[in-house]
Enquirer: 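One structure, as structure tokens, below. Some questions next.
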Amino acid sequence: MKLTYKTDYLQLIHPFTISSNSRTFTPIVFITLESDGLIGFGEASLPPYLPDNQENVIEFLQSLNLQKFHLETPVENVLDYIFRVEPDHFPAKAALDMALYDLYGKKENKPLYKIFNSLPDLMPETSCTIGIDSEEIIKQKVEELERFCVLKVKLGTEEDKNIIQTIRKITNKPIYIDANQGWKTSKEALEKIEWLYDQNIVMIEQPMPKNMILDQQWLHERSPLPLIADEDCQGIQDIEGLNGRYSGFNIKLMKCGGLREAQQMIELGREASFKIMIGCMNESSCAVMAAATLAPKADWVDLDGPFLIQNNPFEDPEIKNGKIVLKDSPGIGLTLRKG
Ligand code: MG
């Protein structure tokens, strides 16, 4: 297998502001894995608040010897090797995992959703995100997102009520709230959640800073809305600790290291009666369409990456009735954008 990689930057349509930071682009490393004339695509997304960056992704990729593997090697064996080389490096591992499955799907002539036994008929609607912004821009964004049936709204500042009231003047679509750790005490969080309860809100993602174990438990016992862990749940190792603190968790390929890990998180989560959300970072169609193959197994889907950027190198996912359409073409089903 031949590995190539290339750094790039996804340019955002609007500056993306959450409770802790704001940015206009997101660094990316795109990869390809090539074997027997077939090419698999992968992507590592590297938001600046995470420990990984383009340099350490490339260092990790350079430390691998993938030449010894070929198309006939089971994906499991290649992934076992990649995960053994070094701990962490989850965005790089996610890129390799999706490229391997893309390649394998092309070899088997099967779309990934069939390889993962997902049922396209069960695909939930995907939300699309509105970051923290001025009233005017928020109004504009709500209008731009007309084809989405669910909105995800970033909160976690003094402006929370104003933001929701601005949106509610225009639409009563269901809203997923993401506080991104922005509410600093359990009392503040509960007050906000009780106010939000009457605003057609579906759930609340990561209300308080991660690792606030006892406060999170206190909040979970009192919250009238389900609480979903994001920053508090990076991968399989964190699931057990969510018991009694959250109703569910948000799985992202960049946090857990790819589709194989995500599939295991879904299985473990279901056994423990957790709600499952599948989300993304700022990502192109590559990582988002890979994640979408597991989305029919989730309760909630937030796969909006390609719709927030200007320079997606692949064609955008198709949206029908507010849902991402899973392609029947082999692998992830990506088409490079022309020109
Ligand atoms: Mg989140």
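Every number for a ligand or one of its atoms is a count from 1 in the order of the listing. All values reported here derive from a predicted model rather than from experimental measurement.
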Enquirer: Does F116 have K297 sitting over its ring (NZ/CZ under 6.0 Å from centre, angle to axis within 45°)?
Expert: no
Enquirer: Please tabulate, one pair per line, all N/O donor-acceptor pairs under 3.5 Å involving side-chain atoms of residues 100-107, not counting sequence neighbours.
Expert:
{"unit_1": "D102", "atom_1": "OD1", "unit_2": "I332", "atom_2": "N", "d": "2.8"}
{"unit_1": "D102", "atom_1": "OD2", "unit_2": "F41", "atom_2": "N", "d": "2.9"}
{"unit_1": "D102", "atom_1": "OD2", "unit_2": "K106", "atom_2": "NZ", "d": "3.1"}
{"unit_1": "K106", "atom_1": "NZ", "unit_2": "I39", "atom_2": "O", "d": "2.7"}

Enquirer: Would you mind counting protein N, O or S atoms that sit less than 2.8 Å from the Mg ion (ligand 1)?
Expert: 3
Enquirer: Assess whether salt bridge (charged side-chain N to carboxylate O under 4.0 Å, His left out) is satisfied between D198 and R168, documenting all intermediate values.
Expert: CA-CA 11 Å; D198 296 325; R168 282 293 173 244; over 6 Å; no
Enquirer: Would you call D133 and K154 a salt bridge, taking side-chain N to carboxylate O under 4.0 Å as the test?
Expert: no
Enquirer: Ignoring hydrogens and geometry, is there a side-chain-to-backbone donor-acceptor pair from Q67 to N65 under 3.5 Å?
Expert: no
Enquirer: Got a salt bridge between D178 and K152, using NZ or NE/NH1/NH2 to carboxylate O under 4.0 Å?
Expert: yes
